[in-house]
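Proteins get letters first, then strands, A, B, ... in listed order; numbering begins at 1 in each.
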Amino acid sequence: MTLNHVYNGSSIDNVLELLSNNPDSKLIAGGTDIIIALRNNKISPKVLIDVSMIKELKEINQIEDKIIIGAAVTYTQIVDNDLFSGNLYGLYKACRMVGSPQIRNKGTIGGNIANASPAADSIPPLIALGASLKIGSIRGMREILLEDYLKDRENLGLKDDELLISISFNKPKDNQILSFSKLGLRKALAISRITISSLIGLNSESKIDSIRVASGSIGKFPMREPDVEKSLLGESFDADTLSLAVKSLQDSMDKRLSGRSTLAYKRKAIESLLEEALMDSNMYYSEVKL
Amino acid sequence: MMEIQLVINSINYKVDIDVNMRLIDLLRDKLGLIGTKEGCGEGECGACTIIMDGESVNSCMVMAFQANGSNIVTIEGLENNGELHPLQRAYMEEGSVQCGFCIPGMIMSTKALLDKHPDPTRDEIREGMSGNLCRCTGYNKAIDAAEKAIEYLKEGAK
């Protein structure tokens with residue numbers, strides 16, 4: 001590694017100043033992605049700034065209907081927090097399936113987003129929730145929808161002097177449930193091959209009256225799946241609507257992943273992934289809500 | 001170089017570190033605590049697992065400067081006045097060790113679990129060990145050892 005200087009950041013303002021004064025610097029929180037990049041010389045900053053102990057970045061707060069997660073909140077903190085049982089279960093499940101206990105104890109939600117792997121597990125549920133990012137620098141603060149951030153990272157992504165501060169979203173309504181399913185090559189320490197997350201609301205006639213679906217690892221970045229949403233809105237859960245949803249996702253994948261060797265495998269695997277994510281929601285209604 | 005302060009196995013340390021050091025480098029190369037092993041250097045195998053501020057972490061995935069002010073327990077810290085910790089004793093009695101390379105990490109992961117959940121199910125024990133890879137044993141005897149250690153710890157607590 002090529003570091004000349006390291007700092008233990010003491011506060012958000014302290015970090016913003018350090019970032020501004022040190023153009024060749026990188027931020028470290030849990031370290032589970034960046035230490036690998038540093039040791040492989042994929043990046044070679046002169047300065048490393050630790051944000052893992054900044055109190056405001058490690059808080060999970062609820063203000064009325066809004067939930068705000070500090071960027072340095074670890075996966076373990078999310079898993080252990082009661083806020084994410086109930087209809088936010090999909091975010092709990094995504095965080096719980098990351099890596100291993102050791103990785104979850106250090107890895108952070110903010111790091112997952114900033115590192116921006118197409119396979120990032122926390123991102124599909126956050127997209128399904130319509131989450132926003134709060135990003136700061138000494139030049140000021142900005143807020144951006146996570147979904148938009150990912151579509152144009154070249155222009156909207158984190159600049160060298162910016163710090164991801166928090167992720168926020170509105171708590172789902174009582175009739176909505178967040179689900180998540182992941183396909184990995186093993187039960188733990190597995191990078192996702194496919195992830196699907198859905199936020200689905202059922203009305204009193206058991207028809208889908210609201211739906212947001214997001215995927216991971218089946219495109220350049222985790223993204224909304226509007227075709228799947230259209231095929232399911234207003235419908236009820238049955239084998240026919242499920243096949244229509246699967247078909248529309250396969251059509252989108254055929255376009256996005258055309259030419260890639262993994263397409264045949266993933267378009268087959270998506271059948272059960274999508275079914276699991278959607279049926280999770282259905283199960284929640286029949287078992288928990290009634 | 002910079003100076004950091006931390007507690008390791010109940011001993012206060014003030015050490016000079018190279019800013020490029022990882023915690024595992026500090027433990028093994030600087031402080032001679034070579035019980036902690038480096039298997040992959042990528043956070044995939046868990047051989048380097050130690051307990052930091054009450055949580056199991058991969059010491060190859062923590063920079064040494066990030067450990068300033070922290071409380072660390074390594075495998076060397078498990079013995080009590082020359083007596084083996086119940087986990088160490090159980091691992092020996094159950095024949096859970098073959099080459100031994102994964103063992104310190106596996107024991108530290110299990111200890112971290114038992115510190116928080118003293119009475120886990122067999123599935124919960126497996127989950128607690130899910131970040132530790134073993135190429136020799138097939139894991140079952142290590143899980144048996146964990147169950148035995150839980151009994152020893154319960155007896156000891158009486």
Side-chain angles (χ1 to χ4, degrees), chain A residues 1-10 25-42 44-54 58 72 74-77 79-80 96-108 111 115 184-191, chain B residues 1-6 17-25 38 40-70 105-106 108-113 116-117 120 123-133 139:
Chain A
M1 294 192 224
T2 56
L3 301 169
N4 285 336
H5 217 110
V6 297
Y7 296 97
N8 287 303
S10 57
S25 63
K26 283 279 177 199
L27 298 168
I28 183 170
T32 54
D33 281 321
I34 198 168
I35 290 186
I36 298 176
L38 287 168
R39 280 170 57 84
N40 290 338
N41 290 314
K42 221 172 136 217
S44 24
K46 295 275 179 291
V47 174
L48 205 56
I49 303 166
D50 179 18
V51 300
S52 66
M53 307 214 265
I54 296 176
K58 298 190 69 62
T74 64
Y75 299 108
T76 294
Q77 278 180 271
V79 166
D80 288 349
R96 192 143 175 315
M97 295 178 87
V98 168
S100 65
Q102 296 93 313
I103 302 237
R104 293 194 287 274
N105 286 334
K106 279 290 173 195
T108 64
N115 185 57
L185 295 181
R186 333 178 249 223
K187 287 187 190 172
L189 289 166
I191 307 257
Chain B
M1 297 294 260
M2 73 186 275
E3 186 185 89
I4 63 166
Q5 280 188 294
L6 68 170
I17 58 159
D18 183 317
V19 297
N20 288 290
M21 269 178 155
R22 302 161 303 166
L23 179 56
I24 190 174
D25 302 320
E38 179 163 5
C40 70
E42 296 190 328
E44 288 278 326
C45 76
C48 67
T49 306
I50 52 106
I51 297 178
M52 181 170 176
D53 297 328
E55 295 181 315
S56 61
V57 306
N58 293 318
S59 58
C60 73
M61 292 274 101
V62 177
M63 295 299 286
F65 82 96
Q66 291 183 294
N68 187 33
S70 65
M106 200 165 275
M108 296 316 289
S109 284
T110 309
K111 178 165 193 310
L113 170 73
K116 289 206 169 131
H117 304 285
D123 266 348
E124 285 166 341
I125 295 170
R126 293 170 66 96
E127 172 78 47
M129 289 164 56
S130 59
N132 293 82
L133 301 182
Y139 304 97

Is there side-chain contact between [X] and [Y], with at least one heavy-atom pair below 4.5 Å?
X        : Y         : result
Ile28(A) : Phe65(B)  : yes
Met1(A)  : Val19(B)  : no
Arg96(A) : Glu127(B) : yes

Could you report the tightest heavy-atom contact between Gln102(A) and Ser109(B), atom names first, then the distance?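 Nearest pair, atom of Gln102(A) first, then Ser109(B): NE2-OG, 3.1 Å.
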Heavy-atom pair with the smallest gap, counting every atom of Ile103(A) and Asn58(B):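 Nearest heavy atoms, Ile103(A) then Asn58(B): CG1-ND2, 3.9 Å.
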Structural part of [X] lying under 4.5 Å from a heavy atom of chain A:
X         : answer
Met63(B)  : both
Met52(B)  : side chain
Leu133(B) : side chain

When rounded to the nearest 0.5 angstrom, what distance separates OG in Ser59(B) from NZ in Lys106(A)?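 Here the rounded value is 11.5 Å.
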Take a 6.0 Å sphere around CD1 of Ile36(A) and say whether it holds more than 12 heavy atoms from other residues, nucleotides or ligands.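 Counting other residues, nucleotides and ligands, CD1 of Ile36(A) exceeds 12 neighbours.
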Does any backbone or side-chain atom of [X] lie under 4.5 Å from a heavy atom of chain B? Answer side chain, backbone, both or neither.
X        : answer
Thr2(A)  : backbone
Asp33(A) : neither
Ser52(A) : side chain

Closest-packed option against chain B by number of heavy-atom pairs under 4.5 Å, given Pro101(A), Gly99(A), Gly30(A), Ser100(A):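 Between Pro101(A), Gly99(A), Gly30(A), Ser100(A), the count favours Pro101(A).
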Can you check whether Ala29(A)'s main-chain N or O pairs, donor with acceptor, with Gln66(B)'s side chain at less than 3.5 Å?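 Judged by distance alone, yes, a pair lies under 3.5 Å.
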Among the listed options Arg22(B), Glu42(B), Met2(B), the residue most often paired with chain A at heavy-atom distances under 4.5 Å: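 The answer is Arg22(B).
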Using the side-chain contact (heavy atoms from CB on, under 4.5 Å) rule, take Ser130(B) and Leu189(A) through it: C-alpha gap first, then chi angles, then the decisive distance, then the call. CA-CA 8 Å; Ser130(B) 59; Leu189(A) 289 166; over 6 Å; no
